[in-house]
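Read the structure below first, then the notes.
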There are 2 protein chains.
Amino acid sequence: MNSLKQMDRGALSDALDHFGQRTTPQRETVFGVLLNQRDHPTADEVYARTKSQMPTISMATVYNCLETLVSCGLVKQVNIEREPTRYCPNLSPHAHFHCRETGRVYDVPVPSGMMQELAGVLPGEYEADSVELVFRGHLSKGKTK
Amino acid sequence: MNSLKQMDRGALSDALDHFGQRTTPQRETVFGVLLNQRDHPTADEVYARTKSQMPTISMATVYNCLETLVSCGLVKQVNIEREPTRYCPNLSPHAHFHCRETGRVYDVPVPSGMMQELAGVLPGEYEADSVELVFRGHLSKGKTK
DNA sequence: ATTTGATTTAGAATAATTCTAAACTATGTT
DNA sequence: AACATAGTTTAGAATTATTCTAAATCAAAT
């Protein structure tokens, strides 16, 4: 699989349009790479994967595309400690789990009620537009998933 | 104020001892800097503040000391997006609020029950030893605190 | 067709952090 | 007290993710 499904292509164009940005082959390809393998790749990894489909793309363009996708709300950045930024096209409310042993990052669904509750701990003067929840630890043996 | 209170000096020595590390003037001074002004300074800021009390200290030592304090559990690292790491000697359970306008980071106390609850969203195979909760947004007008 | 502005590109620049190797300090042992 | 050992500090070099720059390319609109 290496091309965007019609549905995703539509979502991409719509979102880009909405922010006055053009739909380009590079943006489509990068978005496709993210949707195809949902393992929170770094920019470097996205670059490698994209290059295999589009050998002339440059690192700068990958960064540009990722930045564009993030600013259009199609992709989220995940920062774990000081490690390279990772990218995630999962838009539903979720937390992240970072395994210290493998370095892998997993999505963990969070009931939406929980998110409400979290916002509740903020004193009145704080107005949050985003919440980030990251767990760190390890996966219990047997289940490497 | 520029020297460690007796109580804090004791806590520092105990913790360092416990991990087989020496209590040095550099570590004491850096720890004192963090306790004195609890505004989540970056390593650069810690360096500047420490240098004013101990002009011969080097940047590398500041990083070494911070790393030592973190590994002994006396200080926490706070990473917000890709910005420089900040340091925080608040050991009670709390979240962070990052103001997009000023860039400042605030501690937000979190009821301990909430932390328990958060851990509850993790499926069984995930064993977390730390939870990080970061809000981003802005302070409502009037209260710049 | 031509202008205009957006996008892509390669490579240089930046900046936080880590590494390296030498100098220094403290501690324990005889 | 002198010495060996290991831990710590230091300045500066190295690393690395990311951003910047300026030129080339592309697309849309007159």
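In this text, all values refer to a predicted model and were calculated from it rather than measured experimentally. Labels below follow one simple rule: chain letters A, B, ... track the order of the sequence lines, proteins then strands, and each chain is numbered from 1.
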Nucleotide [N], atom [atom2] - distance to [atom1] of [X] in whole Å:
| X | N | atom1 | atom2 | value |
| --- | --- | --- | --- | --- |
| B:Glu81 | D:dT18 | CD | C1' | 14 Å |
| B:Glu67 | D:dT10 | CD | C1' | 17 Å |
| A:Asp17 | C:dA6 | CG | C1' | 14 Å |
| B:Leu69 | D:dT9 | CG | P | 10 Å |

Which is it for A:Arg49 and A:Asp39 under the salt bridge (charged side-chain N to carboxylate O under 4.0 Å, His left out) test, yes or no, and what are the steps along the way?
CA-CA 12 Å; A:Arg49 292 176 196 176; A:Asp39 58 352; 2.9 Å; yes
With rounding to the nearest 0.5 Å, note down the distance linking CG in B:Asn79 to NE2 in B:His96.
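Between B:Asn79 CG and B:His96 NE2, I get 10.5 Å after rounding to 0.5 Å.
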Using links of under 4.5 Å between side-chain heavy atoms of ILVMFWY residues, direct or through other members, which residues join B:Ile80 in one cluster?
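B:Val78, B:Val105, B:Val134, listed by chain and number.
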Co-members of A:Met7 in a cluster of I, L, V, M, F, W and Y side chains, linked at under 4.5 Å
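ILVMFWY cluster around A:Met7 holds nothing else.
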A:Tyr106-A:Arg104 side chain donor-acceptor pair, cut-off 3.5 Å
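Yes, side-chain donor-acceptor contact under 3.5 Å.
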If only side-chain N and O atoms count, and only distance matters, is there a donor-acceptor pair under 3.5 Å linking B:His138 with A:Asp129?
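Distance-only check fails for A:Asp129 and B:His138.
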With the sugar-phosphate defined as primed atoms, P, OP1 and OP2, and the base as all remaining atoms, what B/S/- string results for nucleotides 7-22 of chain C, 5' to 3', for protein heavy atoms under 4.0 Å?
SBBB-----SBBB---
